[in-house]
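Each residue takes its place number in the sequence, starting with 1.
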Amino acid sequence: MKSVIYTALFAGLLGLGAAAPHTASAATLLMNGSFEEAPTIRGQRGGDFTQLSQSGRSWDIFDALPGWYSNIDEIEIQTNRTLGQIDAADGQYYVELDANRNSRISQDLFLTAGTYDLGFAYSPRMSNAGTNGLGLSLTGRFGTALSESYAGPNGTYQRGEWSFITERFTIAQGGFYVLSFEGQGRSDSLGALLDDVSLAAVPLPAGVILMLSGLAGLVVLRRRRRALA
């Protein structure tokens with residue numbers, strides 16, 4: 001797999017059409033990963049997003065959130081006031097992936113060839129693992145780059161606690177991808193909790209960057225010599 005990535009990187013530097021490695025920060029790769037940005041619409045229960053953490057009504061269901069959309073137009077937002085047993089992993093808001101039924105939230109991304117780390121916080125809401133499943137997928141034109149499932153509580157994922165998970169994956173060909181998290185198991189309005197989603201490119205080793213720069217310099221030198229010949 002590494003040979004495929006490096007081939008793509010060489011091609012980008014040599015002007016052969018492939019994309020250069022993505023060097024943007026995590027903030028530019030994923031929008032609203034902690035679900036703190038307020039939507040422009042009110043929730044299905046009539047709640048105002050910015051007031052949820054200050055009122056007795058500490059949760060609501062929104063058709064969509066900035067950066068995220070749902071397969072059934074249901075994204076349940078909860079705050080630190082909702083369950084009592086757990087606060088948000090980052091900020092004040094987090095998502096439950098089983099509002100009235102299991103749902104899927106997704107975000108569209110453009111990723112160039114390279115290796116990435118996807119991080120997120122997961123917690124099972126109920127003591128029965130059969131209702132707390134969380135599915136993760138990253139799919140695009142060139143296939144599925146990532147597909148995983150998680151279910152707790154167990155020895156790894158504890159109820160009332162956030163487990164911080166990192167999945168490393170490789171994109172061999174750049175393009176548009178869809179990142180999705182979905183509730184799995186019993187569809188009963190009680191399920192997986194999700195927060196603090198991040199996506200960052202894994203930097204290339206310094207030696208590889210130096211080698212790529214050297215090759216690019218050789219190509220430029222050869223082109224100059226040909227132009228003078």
Residues passing the side-chain contact (heavy atoms from CB on, under 4.5 Å) test with Ala38, sequence neighbours excluded, are Phe49, Thr50
Sequence neighbours left out, cut at 3.5 Å: what donor-acceptor pairs do the side chains of residues 135-148 make with other protein atoms?
none

When rounded to the nearest 0.5 Å, the distance separating OG of Ser70 from CG of Leu97 is 9.5 Å
- Query: Taking Asp60 for the side chain and Gly47 for the main chain, is one N or O donor matched with an acceptor at less than 3.5 Å?
  - Reply: yes
Residue set satisfying side-chain hydrogen bond (donor to acceptor under 3.5 Å, both in side chains) with Glu36, at least two apart, ordered chain then number -> none
Quiz item: Under 3.5 Å, side chain of Ser123 to main-chain N/O of Glu161, donor-acceptor pair present?
Solution: yes
Check your understanding: Sub-3.5 Å donor-acceptor pair from the side chain of Thr82 to the main-chain atoms of Ser58, do we have one?
Key -> yes
Separation between CG (Asn100) and CD (Glu76), nearest 0.5 Å, reads 7.5 Å
Next item on the list: Say whether Val95 and Leu190 are linked into one hydrophobic cluster, either directly or through other cluster members, by side-chain heavy-atom distances under 4.5 angstrom.
Entry: no
*Quick one: does Tyr157's side chain get under 4.5 Å of Asn132's, heavy atoms only?*
no
> Going by heavy atoms in the side chains, are Ile105 and Leu65 under 4.5 Å from each other?
Replying inline: no
Pro39 and Phe62 have their tightest heavy-atom pair at CG-CD2, 3.6 Å
Smallest heavy-atom separation, Tyr177 atom then Gly175 atom, equals CD1-O, 3.2 Å
Across all chains, not counting sequence neighbours, the side-chain contact (heavy atoms from CB on, under 4.5 Å) partners of Ser187 are Asp98, Arg101, Asn102
Taken in chain and number order and not counting sequence neighbours, the residues that satisfy side-chain hydrogen bond (donor to acceptor under 3.5 Å, both in side chains) with Asn32 are none
Residues passing the side-chain contact (heavy atoms from CB on, under 4.5 Å) test with Gln107, sequence neighbours excluded, are Leu30, Met31, Trp68, Leu109
Contacts of Gln158 meeting side-chain hydrogen bond (donor to acceptor under 3.5 Å, both in side chains) (sequence neighbours excluded), chain-then-number -> none
All heavy atoms of Gln92 vs all of Ala88, minimum pair found to be C-CB, 3.7 Å
Tightest non-hydrogen contact, residues Tyr122 and Gly152, listed as OH-N, 3.1 Å
_Under a 3.5 Å threshold, yes or no: a donor from one side chain and an acceptor from the other, between Gln44 and Asp63?_
yes
dist Leu179:CG -> Leu29:CG (nearest 0.5 Å) comes out at 11.0 Å
Tracing side-chain contacts under 4.5 Å among Ile, Leu, Val, Met, Phe, Trp and Tyr outward from Tyr69 reaches Val178
Members sharing Phe164's hydrophobic cluster, built from side-chain contacts under 4.5 Å between Ile, Leu, Val, Met, Phe, Trp and Tyr, are Leu83, Ile86, Tyr94, Trp162, Leu193
Main chain of Ala121, side chain of Asp195: is a donor-acceptor contact present, judged purely on distance under 3.5 Å? no
What one should report as the nearest heavy-atom pair of Ala99 and Ile61 is CB-CD1, 3.7 Å
Applying ring pair (Phe, Tyr, Trp, His ring centres under 6.0 Å) to Phe120 and not counting sequence neighbours gives Tyr150, Phe181
When rounded to the nearest 0.5 Å, the distance separating CD1 of Ile165 from CG of Leu134 is 7.5 Å
In short, salt bridge (Lys or Arg N to Asp or Glu O under 4.0 Å) pairs touching residues 104-128 with sequence neighbours left out are Glu96-Arg125, Arg104-Glu182, Asp117-Arg168
Within-4.5 Å side-chain heavy-atom neighbours: Val197 and Leu118
yes
Closest non-hydrogen contact found for Ser103 with Glu74 is OG-O, 3.6 Å
Asp87 meets the side-chain hydrogen bond (donor to acceptor under 3.5 Å, both in side chains) criterion, sequence neighbours left out, with none
